[in-house]
Asks: 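Can you keep this structure in mind? I'll have questions shortly.
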Amino acid sequence: MLRKLFATGSLLTVTLMSSFAQQNTALEVVAPPADSTAAVADEPEKKPALTISGSADTYFKYDFRKQGANNRTSFTNANNTFAIGMASVKFEHAGEKVSAVADLGFGPRAMEFAYNDAGIFAAVKQLYVSYSPVAALKFTAGTWATHVGYELVDPQLNRNYSMSYMFTNGPFTHTGVKADITAGKSGFMVGISNPTDLRLLPAGQIEKKFFIAQYSLAATDEIKLYANYVGGKNPDTSIVNQFDFVGTFAVSSKFNIGVNATMNNTKAWDGSKNVDPLTWWGFATYLTVDPTEAFGLTLRSELFDDKDGAKGFGTSIFANTLSANFRVGGFTFIPELRIESAGASIYADKNGVFNEKTAASFLVAAVYKF
């Protein structure tokens with residue numbers, strides 16, 4: 001009897017073990033592979049429709065003659081004091097064919113950039129909507145930063161913290177409509193806008209529009225060329241034509257060259273006709289070297305000519321600016337030395353008397369981008 005029970009129990013045990021082994025083998029066959037990310041990696045990455053970026057900057061500047069009036073370019077008017085630049089936030093929302101940008105700035109830099117506006121309206125750096133019916137064509141309406149020149153209002157997008165004379169005297173923004181067309185390595189932009197830097201036309205003056213245009217050529221991956229134009233009749237009836245050229249040349253992964261040349265021709269209105277034109281022009285080179293990812297140097301050398309007095313100088317100015325960039329993540333620390341010389345006595349001495357032909361200043365700036 002015991003032998004029968006033992007035999008029966010043994011048979012039951014073997015049967016159960018055999019059944020479990022078969023089930024386990026079936027589970028191993030249908031189990032996912034050990035590297036389950038392989039299938040996920042093949043799926044296209046979905047980018048968020050809303051992108052938020054921005055920056056914040058502050059600086060300390062010292063004029064060697066202790067005269068803030070020796071600064072004649074944008075955004076660095078403080079002297080021998082700590083100063084803030086701008087807190088900036090940019091919202092970009094992109095759909096399949098339609099996108100919108102709201103670019104806001106708060107602080108002295110933003111107020112100077114939007115000098116024709118007041119109150120909260122001055123915080124609008126850019127505000128526009130774009131529609132792209134096909135990949136090679138895009139229409140834009142609103143306010144956007146100018147296509148003219150090499151430098152940009154956002155400090156994190158420049159290597160020098162102080163600005164050039166050409167940036168200071170050139171257009172800042174355009175408000176209107178434009179079309180961008182891409183054809184191979186070439187790009188074309190044409191548009192109609194309000195007169196330079198005017199989001200709203202002043203009351204009681206003529207209402208004319210400006211024509212704006214750009215031709216761009218990506219000759220190679222290392223060489224980019226841009227020919228720019230802005231022209232039209234201002235609300236005060238003066239006629240403006242400005243031609244501009246920008247070139248960037250990546251000599252190597254550690255060294256590149258930028259050039260900018262511009263010429264502005266303005267015919268003022270004397271009450272009955274437009275008088276002979278007054279011309280100002282400028283040329284600048286930007287030599288940039290980056291020995292490491294954490295450190296770089298940029299030398300800007302600019303010749304600005306206003307001998308006609310169109311901008312109130314009545315002379316030519318040669319300005320050299322050497323800026324170091326120390327980078328850690330989104331933070332950049334910029335020590336900068338600037339030396340200028342002019343053909344006339346346009347700079348103040350230590351007593352505030354304008355009888356000097358040279359000026360020099362030093363600044364340190366901190367810029368953070370996100």
Asks: Hey, mind stepping through Asn71 and Asn77 against side-chain hydrogen bond (donor to acceptor under 3.5 Å, both in side chains) and telling me if it holds?
Replies: CA-CA 6 Å; Asn71 179 73; Asn77 297 306; 2.8 Å; yes

Asks: What about Phe304 and Trp281, same hydrophobic cluster or not, with Ile/Leu/Val/Met/Phe/Trp/Tyr joined at side-chain heavy-atom distances under 4.5 Å?
Replies: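 They do not share one cluster, since no chain of ILVMFWY contacts under 4.5 Å joins Phe304 to Trp281.
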
Asks: When rounded to the nearest 0.5 angstrom, what is the spacing between OG1 in Thr146 and CG in Asn228?
Replies: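 Answer rounded to 0.5 Å: 7.5 Å.
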
Asks: Any salt bridge linking Arg300 with Glu151? Criterion: basic side-chain nitrogen under 4.0 Å from a carboxylate oxygen.
Replies: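 Yes, charged N to carboxylate O under 4.0 Å.
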
Asks: State plainly whether one hydrophobic cluster holds both Phe210 and Leu198, where clusters connect Ile, Leu, Val, Met, Phe, Trp and Tyr through side-chain heavy atoms under 4.5 angstrom apart.
Replies: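 Phe210 and Leu198: separate clusters.
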
Asks: Of the non-hydrogen atoms in Ser323 and Asn160, which two are nearest, and what is the gap between them?
Replies: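 Heavy atoms of Ser323 and Asn160 come nearest at OG-ND2, 2.8 Å.
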
Asks: Check Lys125 against Asp154 and note the closest heavy-atom contact, atom names and distance.
Replies: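 Nearest heavy atoms, Lys125 then Asp154: NZ-OD1, 2.6 Å.
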
Asks: Do you know which of Thr262, Val259, Thr248, Thr285 makes side chain to side chain contact (heavy atoms under 4.5 Å, CB included) with Tyr150?
Replies: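 The residue from Thr262, Val259, Thr248, Thr285 that satisfies side chain to side chain contact (heavy atoms under 4.5 Å, CB included) with Tyr150 turns out to be Thr248.
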
Asks: With the side chain counted from C-beta on, respond yes when Asn80 and Phe60 share a heavy-atom pair under 4.5 Å apart, and no when they do not.
Replies: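 Contact flag for Asn80/Phe60 side chains = yes.
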
Asks: Quick check: closest heavy atoms across Ser301 and Asn320, and the distance to 0.1 Å?
Replies: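 Here Ser301 and Asn320 meet closest at OG-OD1, 2.5 Å.
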
Asks: Any side-chain to backbone donor/acceptor pair from Gln205 onto Asp236? Under 3.5 Å, distance only.
Replies: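 Yes, because the side chain of Gln205 sits within donor-acceptor range (under 3.5 Å) of the backbone of Asp236.
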
Asks: Work out which heavy atom in Ala366 is nearest to a heavy atom in Phe331; give both atom names and the distance.
Replies: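 Where Ala366 meets Phe331 most closely, the heavy atoms are CB-CE1, 3.7 Å.
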
Asks: Is the centre of the Phe362 ring less than 6.0 Å from the centre of the Tyr62 ring?
Replies: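 No, ring centres 6.0 Å or more apart.
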
Asks: Start with the C-alpha distance between Gln242 and Tyr229, add both sets of side-chain angles, then the distance that settles side-chain hydrogen bond (donor to acceptor under 3.5 Å, both in side chains), and finish with yes or no.
Replies: CA-CA 6 Å; Gln242 183 166 349; Tyr229 172 77; over 6 Å; no

Asks: Carefully, step by step, assess Thr266 and Asn264 under the rule side-chain hydrogen bond (donor to acceptor under 3.5 Å, both in side chains).
Replies: CA-CA 7 Å; Thr266 301; Asn264 181 293; 2.7 Å; yes

Asks: Applying ring pair (Phe, Tyr, Trp, His ring centres under 6.0 Å), can you list everything that pairs with Tyr59, at least two apart in sequence or on another chain?
Replies: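 Once residues adjacent in sequence are excluded, the partners of Tyr59 under the ring pair (Phe, Tyr, Trp, His ring centres under 6.0 Å) criterion are Tyr161.
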
Asks: Can you list everything that forms a salt bridge (Lys or Arg N to Asp or Glu O under 4.0 Å) with Asp306? Sequence neighbours excluded, please.
Replies: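 Checked Asp306 against salt bridge (Lys or Arg N to Asp or Glu O under 4.0 Å); zero matches.
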
Asks: Check whether any side-chain heavy atom of Lys90 lies under 4.5 Å from a side-chain heavy atom of Val101, and answer yes or no.
Replies: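 In contact.
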
Asks: Measure from the side-chain N and O atoms of Glu302 to the backbone N and O of Phe283, and report whether any donor-acceptor pair falls under 3.5 Å.
Replies: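 Not a single qualifying donor-acceptor pair exists.
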
Asks: Flag yes if Leu337 and Leu287 sit in one hydrophobic cluster, no otherwise; membership is Ile, Leu, Val, Met, Phe, Trp, Tyr, and two members link when side-chain heavy atoms are under 4.5 Å apart.
Replies: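 Linked, Leu337 and Leu287 end up in one cluster.
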
Asks: Looking only at the side chains, is there a donor atom on one of Ser162 and Thr76 sitting less than 3.5 Å from an acceptor on the other?
Replies: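 Note: Ser162 and Thr76 side chains miss the donor-acceptor criterion.
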
Asks: Measure across Gly247 and Leu225 and return the closest heavy-atom pair with its distance rounded to 0.1 Å.
Replies: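 Minimum heavy-atom contact is CA-CD2, 4.2 Å.
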
Asks: What about the rings of Phe167 and Phe172, do their centers lie closer together than 6.0 Å?
Replies: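 Distance test on ring centres: under 6.0 Å, yes.
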
Asks: Name the residue from Asn158, Thr288, Thr321, Asn325 that meets the side chain to side chain donor-acceptor pair (under 3.5 Å) definition with Thr298.
Replies: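 Testing each of Asn158, Thr288, Thr321, Asn325 against Thr298, the sole residue satisfying side chain to side chain donor-acceptor pair (under 3.5 Å) is Thr288.
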
Asks: Got a donor-acceptor contact below 3.5 angstrom from the Thr237 side chain to the Lys233 backbone?
Replies: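 No, the answer is negative, given that no donor and acceptor are paired below the 3.5 Å cut-off.
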
Asks: Give me the ring orientation class for Phe326 and Phe333: parallel if the planes are under 30° apart, tilted from 30 to 60°, perpendicular past 60°.
Replies: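 Taking Phe333 first and then Phe326, their aromatic rings sit tilted (interplane angle of 30° to 60°).
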
Asks: Examine distances only and state if a side-chain atom of Gln126 and a backbone atom of Ala145 form a donor-acceptor pair shorter than 3.5 Å.
Replies: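 Judged by distance alone, yes, a pair lies under 3.5 Å.
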
Asks: Got a salt bridge between Arg327 and Glu293, using NZ or NE/NH1/NH2 to carboxylate O under 4.0 Å?
Replies: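 Salt bridge between Arg327 and Glu293, a charged N being under 4.0 Å from a carboxylate O: no.
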
Asks: Rounded to the nearest 0.5 Å, what separation is found between the CG atom of Leu137 and the OG1 atom of Thr182?
Replies: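 So the gap between those two atoms works out to 8.5 Å.
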
Asks: State yes or no: are the ring centers of Phe245 and Tyr226 separated by less than 6.0 Å?
Replies: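 Not close enough - the centres of the two rings lie 6.0 Å or further apart.
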
Asks: Report yes or no: does Asp244 contribute a side-chain atom to a donor-acceptor pair with the main-chain N or O of Ala227 at less than 3.5 Å?
Replies: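 The answer is no, because no donor-acceptor pair under 3.5 Å joins these two groups.
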
Asks: With rounding to the nearest 0.5 Å, note down the distance linking CG in Asp308 to OG1 in Thr315.
Replies: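 Rounded to the nearest 0.5 Å, the CG-OG1 separation comes to 11.5 Å.
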
Asks: Looking at Asp117 and Arg199, is any side-chain nitrogen of the basic one under 4.0 Å from a carboxylate oxygen of the acidic one?
Replies: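 Yes, Arg199 and Asp117 are salt-bridged.
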
Asks: Is there a donor-acceptor contact under 3.5 Å from the side chain of Ser88 to the main chain of Leu104?
Replies: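 Confirmed, Ser88 side chain pairs with Leu104 backbone.
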
Asks: Find the distance between CZ (Arg72) and CG (Asn169) and round it off to the nearest 0.5 Å.
Replies: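 The CZ atom of Arg72 sits 11.0 Å away from the CG atom of Asn169.
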
Asks: Could you tell me if the ring centre of Trp280 sits under 6.0 Å from that of Phe313?
Replies: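 No, the ring centres sit 6.0 Å or more apart.
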
Asks: First locate atom CD of Glu222, then atom CZ of Phe249, and finally report the distance between them rounded to the nearest 0.5 Å.
Replies: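 So the CD of Glu222 and the CZ of Phe249 are separated by 12.0 Å.
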
Asks: Evaluate Ser345 against Phe354 for side chain to side chain contact (heavy atoms under 4.5 Å, CB included), listing each step before the verdict.
Replies: CA-CA 6 Å; Ser345 300; Phe354 288 87; over 6 Å; no

Asks: Are Trp144 and Val148 joined in one hydrophobic group, where the rule is that I, L, V, M, F, W and Y side chains link up if heavy atoms are under 4.5 Å apart?
Replies: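 As far as the 4.5 Å side-chain criterion goes, Val148 and Trp144 are connected within one cluster.
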
Asks: Any donor-acceptor pair under 3.5 Å linking the side-chain atoms of Tyr368 with those of Asp57?
Replies: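 No, Tyr368 and Asp57 have no side-chain donor paired with an acceptor closer than 3.5 Å.
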
Asks: Can you tell whether the side chains of Lys350 and Asp63 come within less than 4.0 Å, N to carboxylate O?
Replies: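 Not counted as a salt bridge, because no side-chain N and carboxylate O are separated by less than 4.0 Å.
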
Asks: For residues Ile223 and Val246: do they belong to one hydrophobic cluster (side chain heavy atoms under 4.5 Å, members Ile, Leu, Val, Met, Phe, Trp, Tyr)?
Replies: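 No, because Ile223 and Val246 fall into different hydrophobic clusters, even though each may have its own neighbours under 4.5 Å.
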
Asks: Taking atom types as modelled, is there a side-chain donor on Thr143 or Thr173 under 3.5 Å from an acceptor on the other?
Replies: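 Distance-only check fails for Thr143 and Thr173.
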
Asks: Dump the intermediate steps for side-chain hydrogen bond (donor to acceptor under 3.5 Å, both in side chains) on Ser272 and Asp270, then the final yes or no.
Replies: CA-CA 6 Å; Ser272 60; Asp270 69 357; 3.2 Å; yes

Asks: About how many Å separate CD of Gln67 and OG of Ser361, when rounded to the nearest 0.5 Å?
Replies: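 Here the rounded value is 13.0 Å.
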
Asks: Check for a donor-acceptor pair, side chain of Asn265 on one end and backbone N or O of Thr279 on the other, with a separation under 3.5 Å.
Replies: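 A pair under 3.5 Å: no.
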
Asks: Under a 3.5 Å cutoff, is there a donor and acceptor pairing between the side chains of Asp305 and Ser316?
Replies: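 No, Ser316 and Asp305 have no side-chain donor paired with an acceptor closer than 3.5 Å.
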
Asks: Contact between Glu112 and Met163 at the side-chain level, heavy atoms closer than 4.5 Å - yes or no?
Replies: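 No; the side chains remain at least 4.5 Å from each other.
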
Asks: Donor-acceptor pair, distance only, cut-off 3.5 Å: does the side chain of Thr58 make one with the backbone of Ala83?
Replies: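 Answer holds: yes.
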
Asks: Over all heavy atoms of both residues, which pair between Ser55 and Gln156 is shortest? Give the atoms and the distance, please.
Replies: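 Nearest heavy atoms, Ser55 then Gln156: OG-OE1, 3.1 Å.
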
Asks: Under the criterion side chain to side chain contact (heavy atoms under 4.5 Å, CB included), I'd like the reasoning laid out for Glu340 against Tyr347: C-alpha separation, chi angles, the key distance, then a yes or no.
Replies: CA-CA 9 Å; Glu340 300 187 17; Tyr347 303 108; 2.8 Å; yes

Asks: Side chain to side chain contact (heavy atoms under 4.5 Å, CB included), that's the test. Do Thr175 and Ser193 meet it? Break it down for me.
Replies: CA-CA 5 Å; Thr175 299; Ser193 72; 5.7 Å; no

Asks: Residues in salt bridge (Lys or Arg N to Asp or Glu O under 4.0 Å) with Lys61, at least two apart?
Replies: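 Counting only residues at least two positions away or on another chain, Lys61 forms no salt bridge (Lys or Arg N to Asp or Glu O under 4.0 Å).
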
Asks: Give a yes or no answer on whether the side chain of Arg65 reaches the backbone of Glu356 with a donor-acceptor pair at less than 3.5 Å.
Replies: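 Not confirmed, Arg65 side chain does not pair with Glu356 backbone.
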
